[in-house]
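Since the structure comes first, as C-alpha cells, the remarks are kept for the end.
Below, read A as the first sequence line, B as the second, and so on, with proteins coming before strands; counting in each chain starts at 1.
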2 protein chains.
Amino acid sequence: MTQKPGSIHISCQNCGISQLCLPYTLDTNSLNRLDAIIERKRPYQKGDTLFSNGEPLHSLFAVRSGSFKTFNVDNNGNEQITSFHLPGDLIGFTSIANETYQGYSEALETSMVCEIPFNHLESLSRQLPALHKQILKLMSEEIKQDQHLLSAVNSKSAESRLATFFLELSSRFMIRGLSPSEFRLSMTRNEIGNYLGITVETVSRILSRFQKEKWLKVEGRFIHILDEHSLKRISGVQAVNCPLKTVNY
Amino acid sequence: MTQKPGSIHISCQNCGISQLCLPYTLDTNSLNRLDAIIERKRPYQKGDTLFSNGEPLHSLFAVRSGSFKTFNVDNNGNEQITSFHLPGDLIGFTSIANETYQGYSEALETSMVCEIPFNHLESLSRQLPALHKQILKLMSEEIKQDQHLLSAVNSKSAESRLATFFLELSSRFMIRGLSPSEFRLSMTRNEIGNYLGITVETVSRILSRFQKEKWLKVEGRFIHILDEHSLKRISGVQAVNCPLKTVNY
DNA sequence: CGTGCAATTGACGTGGCTCAAGTGGTGTGG
DNA sequence: CCACACCACTTGAGCCACGTCAATTGCACG
C-alpha cells in the first residue's frame, strides 16, 4: 500500500507480484505474449478514476502498486464500496457481463496499474490454457471474497465485521510478502464503515475498544495487530472444512 | 420454482432455459458437443446436497428445475446463505479457485440439475470461444449479483433489504419467462432473513407492514407484488448509469 | 388426531445510528 | 512563520430500529 515509483517500462517478468496476477504458471514464451498486450501508463493520483459506470469495457486493470476502491452509486447518490484492490488484484471482472463498466474505480493513493485490453486478453487466453485457467481462478477468487465479505457484513455485530476486515487485510498483505501484523490503511474510516455497512463513529469507537483490549495498536492510519487470536475469535467467520453442525440460524 | 418432472433424457437443444445457461450463442454442432459431456441424473429431493465443503471439485451444476441454496458454515456452526439458485443458474464457480467445493449446496425443493464435469468443460471451452465467453459472462454475472446483494445488506434498513430481495427475485423470474408479480417462494422466512442478515421476526413484521401499505399480498409462500414502484423507491439500490453526485456516505 | 416445524405477533432491552462538539493534522495564503 | 480553513477522526448523549425471548396460531404429514 506504499507508493512504488517505477520506470515506465516494466515487464511481467520482473514484476514482484506476478505470482498473484495473470502471469501465474505461464512459461516464458506465454509471458512475453501476455506482456506484449499490456499497457503501462503513468501513475494515477489519489482520486483519479480508472473508469466510470456505463463506459464501454475496453480493459481490465491489474494493480501494480498503490490501491483502489470500486463502488456503485445508488438512487440517492450514495456510494457503496464493493471492494478495495491491492497490488496483484485485477479490476473489472464485474464489467464483463454487460461489456460496460459497472460502477466506479478510484485510486486511494498514488498508484500504478497495468492495463490489459480485454479483446486481446480474451483471444490470447484461448491460445494459452494456463492463462485461461488463471482468469477463471481469479474470478472465482473474487466471488469467494465477495461472499466472505457478505458473511462478515451479515454477522450482525459491528465488532465482528471490523475484526474480519482487519484479518482479511492482514492475510492479503501476508500473501503479498508484507507484514501481516503492521500495515498502513490507504482508506479512511469513512470508507471502511461504508464497506462494512456501519458508520464512521462506530468504526472509531470499536477501534478504541479493540485498543483498550490490547488486540490492536492504532495510530491514525497505522495498524498493529497485537492479538490475532482474539480477533479471530470474535470475527466468527471463515472456518474452512468445518463440519456441518445442527444449526439454528 | 415449481417442480418440473422431466424424462431422464433431455438435451440442451430442447431445454427451455438454455438461453440463460451455458448453451447461449452456441451453434448446433457446439451444442451437441457440450451436450455430450453433460450428465443428467435423477431428481434431488428437498434437503439433498449437491456437494459439501472441502470435497474435490468434479463438476459444476446447472439448475434445470427447482431451486437450491448455497451456504457456508462459520466457526460456531451457523449457516450463512450466500445465494439462491433458480433454473438456468450455474452452481460451483466459487469452487474453481481451490478446486475443492466451497461451502454447501442444498435443494430447497424437488429439483433437477445438469452436471457438467469441470475438466471436460474446461477443455471444451478452449475449443469453443462462444462457450468460453459465456462462462466468463456467467461468472461476471455472479460477481455482480453478489455485489448487488452486498449493497442491499449494507443499506442499513431491513425494509430496503427485503424490498431489494423481492425486486431481485421478481426480475429473475421475469427473465425466466415467469410472472414477475406473482410467485411462490421456495425458501423459508428463516432462510430469507439469514440471507439478508436480519431475523425471522423482522422479516415477518416487515412483510406485514408491506402488506398494510398494499405493496404486496402475502399468502404464506405466495407473493403478489402490487406496487413495484414503492418497493423500488425504498429499496434504494441499483441505479444503472446514475450520475456521480457529491456524496456524504 | 397429534406431532412438529413455519410463521406471526407482542413486550422488552440494547447496539449502533444520529446529532453535536471538540481535537489534531495538513495545506494554503498572508 | 503564523493564521486559518478544511478534513479525518474521536468522543459523548439520546433515541430508535431491530434483536431477543416468549406465546400463539396455522399448516403439513404420518
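Taking the side-chain hydrogen bond (donor to acceptor under 3.5 Å, both in side chains) definition, one finds that B:S140 meets it with nothing, sequence neighbours left out. In this view, B:A62 and B:C21, B:L90, B:C114, B:I116 satisfy the side chain to side chain contact (heavy atoms under 4.5 Å, CB included) rule, not counting sequence neighbours. For the salt bridge (Lys or Arg N to Asp or Glu O under 4.0 Å) test, residues two or more places apart in sequence or in another chain that qualify with B:E115 are B:K41. Applying the salt bridge (Lys or Arg N to Asp or Glu O under 4.0 Å) criterion to A:E159, with sequence neighbours excluded, gives A:R209. Under the side-chain hydrogen bond (donor to acceptor under 3.5 Å, both in side chains) criterion, B:D146 pairs with A:Q147, not counting sequence neighbours. Applying the ring pair (Phe, Tyr, Trp, His ring centres under 6.0 Å) rule to A:Y44 yields no partners; only residues at least two apart in sequence or on another chain are considered. Here A:S171 pairs with nothing under the side chain to side chain contact (heavy atoms under 4.5 Å, CB included) rule; sequence neighbours left out. Legend: residues meeting side-chain hydrogen bond (donor to acceptor under 3.5 Å, both in side chains) with A:S208, ordered by chain and number and at least two apart, are absent. Among residues two or more places apart in sequence or in another chain, the side-chain hydrogen bond (donor to acceptor under 3.5 Å, both in side chains) test is passed with B:T199 by B:T202.
Chain A approaches DNA chain D within less than 4.0 angstrom (heavy atoms of the protein), and the contacting nucleotides run 5' to 3' from D:dA8 to D:dA13.
Taken to the nearest 0.5 Å, the CD atom of A:E228 stands 9.0 Å off from the OG atom of A:S181.
Nucleic acid contact for A:R209: none, since no nucleic acid atom lies under 4.0 Å from a heavy atom of the residue. Among the heavy atoms of the strands, none lies under 4.0 Å from B:G193. Within 4.0 Å of A:I198, counting heavy atoms only, lie sugar-phosphate atoms of the nucleic acid but no base atom. At the heavy-atom level, B:R221 lies under 4.0 Å from the strands shown only through sugar-phosphate atoms.
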Intra- and inter-strand pairing of DNA chain C, written as dot-bracket with Watson-Crick and G-U pairs under 3.5 Å and | for the latter, reads ||||||||||||||||||||||||||||||

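The phosphate of C:dA6 has neither OP1 nor OP2 within less than 4.0 Å of any side-chain N or O from B:T188.
Computed from coordinates, the A:R184 CZ to C:dG25 P distance equals 15 Å when rounded to whole Å. Rounded to an integer number of Å, the gap from CG of A:L207 to C1' of C:dG16 is 15 Å. Rounded to whole Å, atom C1' of C:dG15 lies 9 Å from atom CD1 of A:I206. The distance between atom CE of B:M187 and atom P of C:dA7, rounded to the nearest whole Å, is 11 Å. Rounded to a whole Å, the CG atom of A:N78 is 15 Å from the C1' atom of C:dC17.
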Taking N or O atoms only and anything under 3.5 Å, show me the protein contacts with nucleotides 9-12 of chain C, one pair per line.
{"residue": "C:dT9", "atom": "OP2", "partner": "B:S208", "partner atom": "OG", "Å": "2.5"}
{"residue": "C:dG10", "atom": "N7", "partner": "B:R205", "partner atom": "NH1", "Å": "2.8"}
{"residue": "C:dG10", "atom": "O6", "partner": "B:R205", "partner atom": "NH2", "Å": "3.4"}

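The backbone N or O of B:N194 lies less than 3.5 Å from a partner atom in the side chain of A:N154, making a donor-acceptor pair.
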